[in-house]
Amino acid sequence: EPFKWASATDPQTMDPHAVSSAPVLSFLNNIYEGLVRRGKDMSIEPSLATSWVPLEGENGWRFTLREGVTFQDGSAFNAEDVMFSYERASSEASDVRSWFAPVTEVRVVDDYTIEFVTSAPNPLFPDSIANFMILDKGWAEANDAALPARDAENFATMNVNGTGPFMVSSRDPGVKTVLTPFGGWWDEATHNVTEATFTPIGNAATGLAALLSGEIDFISPIPLQDVAQVEGRDGFKVLEGEETRVIMFGFGHEHDKLLYSSDVTDKNPFADPKVRLAAAQALDMASIDRVLFRGKIEAASQLVPAGISGYSEANADRPAYDPEAAKALLAEAGYPDGFSFGLKCTNDRYINDEALCRAAASMFAAVGLNAELSTGPVRDYWPQLREDDFDMYLLGWSPGTFDMEHPVRFLLHTQDDEKKLGSWNFGNYSNPRVDELLPLVQQEIDPAQRQAYLDEIVQITQDDVAYIPLYTQPLIWAAKENIDLTQRADDFFMLRWVTVN
Amino acid sequence: MIAFLKRSEGLWLFVRSPAAIVAAVVAVLIIFGAAFAPLLSPVNPYDLSSFSLFDGLIPPLWQEGGNAKFLLGTDDQGRDMISSILYGARLSLIIGLAAMVIATVLGVGLGLAAGYYGGRFDAFVMRIADVQLALPAILTALLIDGIARGVLPADMQGDLRIAVLTIAIALSLWVNFARTARASTFVQMNKEYVQAAIMMGQRPARVMFVHILPNILGPLLVIMTVDLASAILLEATLSFLGIGLPPDSPSLGTLIQIGMQFLFSGEWWILWIPTLFLVALVVSINILGDFLRDVFNPRLR
Amino acid sequence: MLVIKDLAVKFPSRFGDVTAIEDVDMTIAPGEIHGLVGESGAGKSTVGAAVIGLLPTPGYVAGGELTLGDTDLRALSREEAHRLRGDRISMIFQDPQTSLNPLMTVEDQLVETIQAHSDVGYEAAHKRAVDLLEEIGIENASARIKSYPHQFSGGMRQRVVIALALCTDPEVIIADEPTTALDVAVQSQVLELIRRLADTRGIAFMLITHDIGVIAQVADRVTVMRHGKVMESGETRQVLGAPEHPYTRALMAAVPPLDRRIERFAIPEPEAGGAGAGEAAERWLLEGVGGAATGLRVLDLSVQFAGTRTSLFKKPEPFTALHDISFEVRPGSIMGVVGESGSGKSTLAKVLTGLVSPASGQMHLGDAPLPGAKQRGRGHPSRQLIQMVFQDPYSSLNSRHRIGAILAEPLWLYGLVQEAGARRELAAQMLDLVGLPADAIDKYPHQFSGGQRQRIAVARALLARPRFLICDEPTSALDVSIQAEILNLLKDLQANFGLTILFITHNLTVVRQMADDMIVLRRGRIEEAGSTEAVFEAPQAEYTQKLLSLTPVMPREWQIAG
Amino acid sequence: MVYFILKRLVQSVFVMLAVAFLAFALFRFVGDPVSQMTGVETSVQDQEKLREELGLNDPFAVQFYRFTTDMLRGDFGFSYRTRQPVAQMISARIPATLELGFVALLISLIVGIPAGVYTALRPRGVTSQTILMVTLVGVSIPTFVIGIMLIFYFGVKLGWLPTFGRGGTVNVAGWETSFLTVEGWRSLILPALTLGVYQLTLTMRLVRAEMMEVMRSDYIRFATARGVPMGRLYFRHALSNTLVPVITIIGLQFGGVIAFSIVTESVFQWPGLGLLFLESIRFVDIPVMGVYLVVIALFFVIVNMVVDLLYVAIDPRLRVRDAT
Ligand SMILES: Nc1ncnc2c1ncn2[C@@H]1O[C@H](COP(=O)(O)OP(=O)(O)OP(=O)(O)O)[C@@H](O)[C@H]1O
Ligand SMILES: Nc1ncnc2c1ncn2[C@@H]1O[C@H](COP(=O)(O)OP(=O)(O)OP(=O)(O)O)[C@@H](O)[C@H]1O
Ligand SMILES: [Mg+2]
Ligand SMILES: [Mg+2]
């Protein structure tokens, strides 16, 4: 059956190693495959590798590759292709190099066996390369695409040759891309799509109109406020789920004064955990949920949502909404009349991000925390955060490895450029015990012990109010009633699970 | 004396034109409401502590679920719509008026001088005008926005947003004034009163501003009204493209842009009330502009 | 036979209906030229427009009869009236420059008009058009017919206009000031043509004009109008030769004669206030003049204008507006400059006033050299000593300034009177001097008639305490009666203050009345120079003779001595 | 004539250079391309290296020189976002925008001119007043609101017309055209209407004002006086004389069409230059933005040349002067 779908952005390239962005990786997962892949529940399952075991005597993993797999151009798949793809993906021109930061060596053992050696024990390594897609060495080299394109185009920018279930039959960047099933796919096709057409539609209202007028079968995402409208119509359905992304506020822990305050200019009140707790207590998550998110969000207590490995059940409570207590805490901390500060937010990155910040600013103001809100597009946002240009900021984090370790490494560990730790810990929250625990977590094989370490980290950071976790970002997809599809928590849309009835 | 006569002439036409009367009443009401927004509106929508998300999405009074506290309902932040609109109209008018004034001063100044001196200077000004025309309003605004973003420190951007928008809009409007002023000046230059002034040895500035300017005000006034209307609309469009004012200090355009999200979700008032308000304002300004055109061009009556 | 009876036309306005014309009776027989004269605003055009049914909105015919042969023109429907237009009645407008559609060839316009009224094919229509053009005197008509209007000269264009009005063989043609915009030479040709057409084709003409000379030359009968009413009507010889109505008589008196000089003009109704007042202003002026008058000498003066550029590589040919002209204006005298349109008269004025730079030559004001425009700084004494009165009283005063401000400007600019109150005082007295009421000072120019405005312009010039006054066609936009007032005023000023005046005009009769000496300009060269009496009595240059012979004159016996 | 064209050309070059300079200079201040080009996990050192590679650390003048000379050589560089050659991206989008603009302009002329003539001839009529009022309200509603309303009414509610995109296009000699398929035309209607409404009103009001002015001119009075049939009078005599100012303004409006096509294209997901430009802004894709500006300026310059030539075609007075 023909199938048409739309999303807000077009994958900017067809090269799986050139840009590490969700639209690109999501789209290319229908065409290219990695050694492992994620199932409907995000679990890791065999793909081009049939099995993997830890190396003996050294750190790393051995992958046994699937035999009889062919690329879409007919050439056979073997370990050389994996080796080539590794080299390509870890080259300087690649945008996905960081996945291979722990890798010290890759060895081709035979045509269908390959070993990845890592610098330290790395139980999560197979998880971390689920989006590492394999190219055909011969094809890439013959077409001068041995390296990803960085500042000029190459053959792989517009053309594909994967082992996956779909191939590109035509592509007009920014306009439309047509996929057709690959007859020689090694796996059994469960979908019934004969031709899939993808169109980017940037304007949410237009996208919704396209769905309702029947021109497309599926769109992701749709605005929360339109859910009721779609659900109320015959022949349409809404798929609601939760992304793994937790939205939070961060603080400038290490700043010695506020940058945007009109009253407190000589010190940083947010250095005081009481003030941070007061901020957390000022937020009325119930109203945010009801009004802004139409009851579609789950409040968050920690940096990963429940269900992610390493989630700390023991610390599942978040500070309650209590403006009086917040005021008291502020008074206790020496700010009975509150103070003003700058709050930085994006306006095009997360669902309702700007509205959220405005609502939060208004709630903060109710307890005396007068936020000077400044919102902007994400294109200017990261550089500002990198330059420490904030008092408080909004951040969303999705654990790439679907494990609690990921945010601990990026958001909680003290900044350490050399070891590439705490690289997104903009406010440089720093707790020696957390820093100590991270390596333990990373190397611990025993799940119970590992969880204990993580519980301790969560406990510490909750006590410190290192961040104010707010909620898990909802995932809202809409489709025609006759479409069966699977919504995966990473917001990736897999054509191979689509059935058109 | 003549002013009085002219006025009474205008007044006479005015009384005969119901459209102009209605437009004037609407425009005056809106401008009055905007000017006295702080006194008239129930709450200050820029004061974050004056509203609460808890009151979000309340429909207008006459609809089910309405609340007497919020006559026209609230938006998704719990802001009272009336207050938002009055304050929004205020910002829109301030930006529109300021842009128009800047464009007028710049355009009329350059146009007058180009018409007066002619020759190279005229050619130069007209080429600059060409460049400006080759960069349509939206592009100009995007460009200025771009520079401001790059040049100004991040914390000033919020405050300077209005200035940036105003300048961007003004820059895209001045050519109109310059061309009209220049063309009218050319006509006036051949009039004998100008020749008389030049012959007497009066300073160019005096000839331009004391003698010529009052004589070309008519068409300029018409452009001013039309451009005021387009400035207000342009601001709305820029907000739609994401380079307008931030939502926490919304203009009418920003309010409409915010309202667009609720086009189909049932909360119609968040979009349509500000839109109606904007349309009423722009239409009435345009009608007044048409009316002025008639007054200044008796031949078209 | 066109018969107009008791015609009244009204214009609704905010003060109620304004009656533009009333009780107008007129009959025009085939082959007759019926002149319609009167001052501006008398209602002449309104009569013509009412006949052809093209009154400007919102005007309407309020009463009376309009019949053409058996047809009652007032009873026609919109469509019928439109069909009649062109077919039986046509009209010619004043300005040939604007009467033709600039985007269509003459042929298109002619053929279209012919075909609109008779069922003929293109060939026939074309032939008729060419014949017609030939008949009215366009040479090589079969080729010229393909031209666009702008490719014809003014006179030829007016012929084309006449051809267009004629091409459908109408019974009546209304000619609304058909020669006012034309040179004397062209004017006489057009008038001849009209006369001939009336005689040969039997067309009835209504000839609207304010030039009594024109009427005298061609009209069979004449109607004199004033304030929307007929003053007098009858045979031309009768009305102009032996006017009965006092207004007609006054009008006749104001017409300057060509063949002799009169001291002062008779004025139909003296303006209120009158000259002779404003003694303070007079004294102030005399103080400044302080005795001797100033003359002007011009030697080998040339003026060139840049031509329009048509090629990137060739420099454009400059256009020479004045060729090496030399003349001298005696102190305290009036020098007349005459010449047809485009002969360089205004250019001469502009060089002298410093608006245009000369290409070569010298000028002396009194004994001091007078630098050209570029060298003449804004503060140069001549800026004050030379003043000018412009042709068009409607545009020479800034319509946005009050009379007081206009008059005070030279006093302020030249630092003649320091104190604002005193300036105003002096301005008021000067108004008195030129014969305007004192309350004029707070009015705006548009509240005055053309003649009054011209007086204000003269007052402004005088307030600079000039020694040398240039008048560029100061009366050509005015009616004869008002022209007479202004000319009288200028004569008085010259006599009282010893002003030296350069008087520019294209009207020979006016020059004869005003100037002591005169020069005749043609294409930027002086054709003839000498004392006015000498030139008029015994013109030397052929061109001067031609001009004199073409100027329409009334038979001497019709003129009332001034 | 030749001189006239040459002079226009020289002026155009000046305009183009100035626009190129602006485009280049201004976009240097927009955002940071490197942080856009690289993913979340690229280190600061790598970013710095890339910046060096792209020449973003070179002095301003050097970069501008490189920009213009490259452009003159036809080398428009590569998009930071997609890594494709900018020339290819832009040229692929030109047909969509030009066809949209063309149809919008056509609508505005086909409807606007007769409406302008009509309202000029019957200035006090009820129909005229209604037309004037409705169009006035039409231009007072922001374009994006109109666009969305049209989509929902004709696309969703009635289901008559497509809601987004260009529908079926046919490639004719490298030009993707919507004109050859029914689907293409159906897709064109709504965006072209949205874009055209504004221009339509302007055209109509302009024609009306000019027409009223011309109707009072001597030559129209004279043509009436000699009984030229009404139809010819209005359309042959009057209308053609309004064309010069109308064409001037339409030429100038071209800028407006292009500018507003940004909004229209984003509402209708119309794959034209405007949409590309908006995307490029979002991703700080400087090469694309710069070239876009220059291309727009080029269109403008060309349109103005055409307008000048049209003057000459319409008005015989502007043709080479023959000696008279
Ligand atoms: N469109 C109009 N609206 C109102 N009043 C008008 C209009 N046209 C003419 N009139 C009135 O009709 C009177 C006669 O005007 P008309 O044009 O017939 O004079 P005229 O004798 O032709 O003058 P001129 O020599 O200046 O052409 C004027 O005084 C004026 O008051
Ligand atoms: N600024 C100018 N540029 C080019 N040519 C000019 C300019 N001013 C005048 N001319 C030309 O110089 C010639 C003389 O013009 P001028 O105005 O002096 O004539 P005039 O005798 O005053 O005519 P009129 O009786 O029509 O006022 C004309 O052919 C005119 O075309
Ligand atoms: Mg008249
Ligand atoms: Mg002259």
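In what follows, chains are A, B, ... by sequence order, proteins preceding strands, each numbered from 1. Any value given below was found using the heavy atoms of this structure, including those in side chains, with hydrogens, waters and symmetry copies removed.
Nearest heavy-atom pair across C:His82 and D:Pro229 is NE2-CA, 4.1 Å. The shortest heavy-atom contact between D:Ala225 and C:Met91 is CB-CB, 3.8 Å. Here the closest non-hydrogen pair linking C:Ala165 and D:Phe222 is N-CZ, 4.2 Å. Closest of all the heavy-atom pairs between C:Asn101 and D:Tyr219 is N-CB, 3.6 Å.
Residues meeting the side chain to side chain donor-acceptor pair (under 3.5 Å) test with D:Asp218, sequence neighbours left out: C:Thr98.
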Would C:Thr168 and D:Arg226 count as a side chain to side chain contact (heavy atoms under 4.5 Å, CB included) if you check the C-alpha gap in whole Å, the side-chain angles of each, and the deciding distance to 0.1 Å?
CA-CA 8 Å; C:Thr168 52; D:Arg226 59 180 202 265; 5.9 Å; no
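Here the NE2 atom belonging to D:His237 is positioned 3.0 Å from the CD atom belonging to C:Glu112, to the nearest 0.5 angstrom.
Of all the listed residues (C:Ser99, C:Gly86, C:Pro149), the one sharing the greatest number of non-hydrogen pairs under 4.5 Å with chain D is C:Ser99. Chosen from C:Thr105, C:Asp87, C:Val161, the residue pairing most often with chain D at heavy-atom distances under 4.5 Å is C:Val161. Ranking C:Arg85, C:Gln109, C:Gln115 against chain D, the residue ahead of the rest is C:Arg85, based on heavy-atom pairs under 4.5 Å. Per-residue heavy-atom pair counts under 4.5 Å with chain D were compared for C:Leu100, C:Ile52, C:Leu84, and the maximum is reached by C:Leu100.
In this structure, D:Phe102 places its CZ atom where only 12 or fewer heavy-atom neighbours from other residues, nucleotides or ligands lie under 6.0 Å away. Under a cut-off of 6.0 angstrom, the local environment of CZ in D:Arg66 is crowded, with over 12 non-hydrogen atoms contributed by other residues, nucleotides or ligands. Taking a 6.0 Å sphere around CZ of D:Arg73, one finds it holds more than 12 heavy atoms contributed by other residues, nucleotides or ligands.
Interface residue D:Arg221: backbone and side-chain heavy atoms are both found under 4.5 Å from chain C. When heavy atoms are compared at a cutoff of 4.5 Å, C:Leu54 approaches chain D solely by way of its side chain, counted from C-beta outward.
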